[in-house]
Q: 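Handing you a structure now.
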Amino acid sequence: MTQIIDGKLISSQIKDEVKERVAALSKKGREVTLAVVLVGEDPASQVYVNNKKKACEYCGINSKSFELPESTSEAELLELIKKLNDDASIDGILVQLPLPKGIDEDKVIMAIDPAKDVDGFHISNVGSLCVGREGLVSCTPAGIIELLKRYNVAIEGKECVVIGRSNIVGKPMALLLLRENGTVTVCHSRTKDLKEVAKRADILVVAIGKPKFIDDSYVKDGVVVIDVGIHRNEDGKLCGDVDFESVKDKTSAITPVPGGVGPMTIAMLMNNCVAAVENKTK
Ligand code: GUN
């Protein structure tokens, strides 16, 4: 019997832990405040941003909303970020992606003060992760490490295969697994014989963005499968990058979709908000 890794449960535990840390800071007269910036009216982004604000409320973190029209220029957005960087009452800055066409996302991310970069996207934070220094870490991969640890999945010495090399998930995921002493392979669209490489994995992290792409022919017996994908299929149901029904009997543990990796991203964002303040007061 495989173990279903319950991301909903673990994310609630993490949010409760954050809530306690926020309360402890509050006792010392220190509040935690996140600036949430949304540009345009992308419906999915609106849902994500609302969920992030709700999580802030639950944890006792102040959220300050900045909702800008689709017509906002890059210069205007950069000006807002500068204002938020300079505002000592703001601890974290989250700019929801994707940004409207015509705004250079990279330029925007690079404009955020790395100490307030609660998404962990700034190259200074990515670089810190790469060389083993402390910094803010991208939320989804950080959440996956928490899931593995809290389910007592050993990483040290294990064959870890990451499918996908995005800056937000694949690359930081590989660095985090390496930090935990895993033997890490990163696969991508040009990988030759993906199946054979994936089959080596003791821990397989899938972030390719293709619904139900990974079936039982990609995994060996006893593998731990982490599914980062989220898609809505023909009948309106949510599914991941992994064909859950096909692989589940070969796995020793697996994340479901929904309720696996998804809820962890926001929980780790809350963790990064409080960490941004704790880092300052250390
Ligand atoms: N859009 C999709 N995922 C994310 C995320 O983790 N952070 C931000 N800022 N935007 C996103």
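Both ligands and their constituent atoms are indexed starting at 1 by order of listing. All heavy atoms count here, side chains included; hydrogens, waters and symmetry mates do not.
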Q: Where on Asp119 is there a heavy atom closer than 4.0 Å to ligand 1, on the side chain, on the backbone, on both, or on neither?
A: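 Only the side chain of Asp119 comes within reach of ligand 1.
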Q: Indicate yes or no: does an N/O atom of Thr265 lie under 3.5 Å from an N/O atom of ligand 1?
A: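 Min N/O separation from ligand 1 is not below 3.5 Å for Thr265.
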Q: Just to confirm my output: which protein heavy-atom neighbour is closest to atom 10 (N) of ligand 1, and how far is it?
A: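 Sorting protein heavy atoms by distance from atom 10 (N) of ligand 1 puts Leu97 N, 3.0 Å first.
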Q: Taking side-chain hydrogen bond (donor to acceptor under 3.5 Å, both in side chains) as the definition, give me every residue that meets it alongside Asp227, ordered by chain and number, with sequence neighbours left out.
A: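 side-chain hydrogen bond (donor to acceptor under 3.5 Å, both in side chains) check on Asp227 returns nothing, list empty.
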Q: How about Thr33 and Ser89: does a side-chain donor come under 3.5 Å of a side-chain acceptor?
A: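 No donor-acceptor contact under 3.5 Å links the two side chains.
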Q: Can you report which non-hydrogen protein atom sits closest to atom 11 (C) of ligand 1, along with the distance?
A: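 Checked against all protein heavy atoms, atom 11 (C) of ligand 1 sits closest to Gln96 NE2, 3.4 Å.
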Q: Are the side chains of Leu94 and Asp119 in contact, using a 4.5 Å heavy-atom criterion?
A: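 Yes, close enough: below the 4.5 Å cut-off.
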Q: Heavy-atom pairs closer than 4.0 Å: do any link ligand 1 to the side chain of Val95, the backbone, both, or neither?
A: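 The answer is the backbone of Val95.
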Q: Who passes salt bridge (Lys or Arg N to Asp or Glu O under 4.0 Å) against Lys195, sequence neighbours left out?
A: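 Salt bridge (Lys or Arg N to Asp or Glu O under 4.0 Å) check on Lys195 returns nothing, list empty.
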Q: Can you confirm whether something in the protein, heavy atoms only, sits under 4.0 Å from atom 1 (N) of ligand 1?
A: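 Within 4.0 Å: yes, protein heavy atom nearby.
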Q: Answer yes or no: does an N/O atom from Pro98 fall short of 3.5 Å to an N/O atom of ligand 1?
A: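 No, since none of the N or O atoms of Pro98 sits under 3.5 Å from an N or O of ligand 1.
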Q: Do Ile230 and Leu238 have side chains that approach each other closer than 4.5 Å (heavy atoms only, starting at C-beta)?
A: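 SC-SC contact between Ile230 and Leu238 confirmed.
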Q: Is there a side-chain contact between Ile10 and Tyr151, using heavy atoms and a 4.5 Å cut-off?
A: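 A side-chain contact exists here, since the closest heavy-atom pair is under 4.5 Å.
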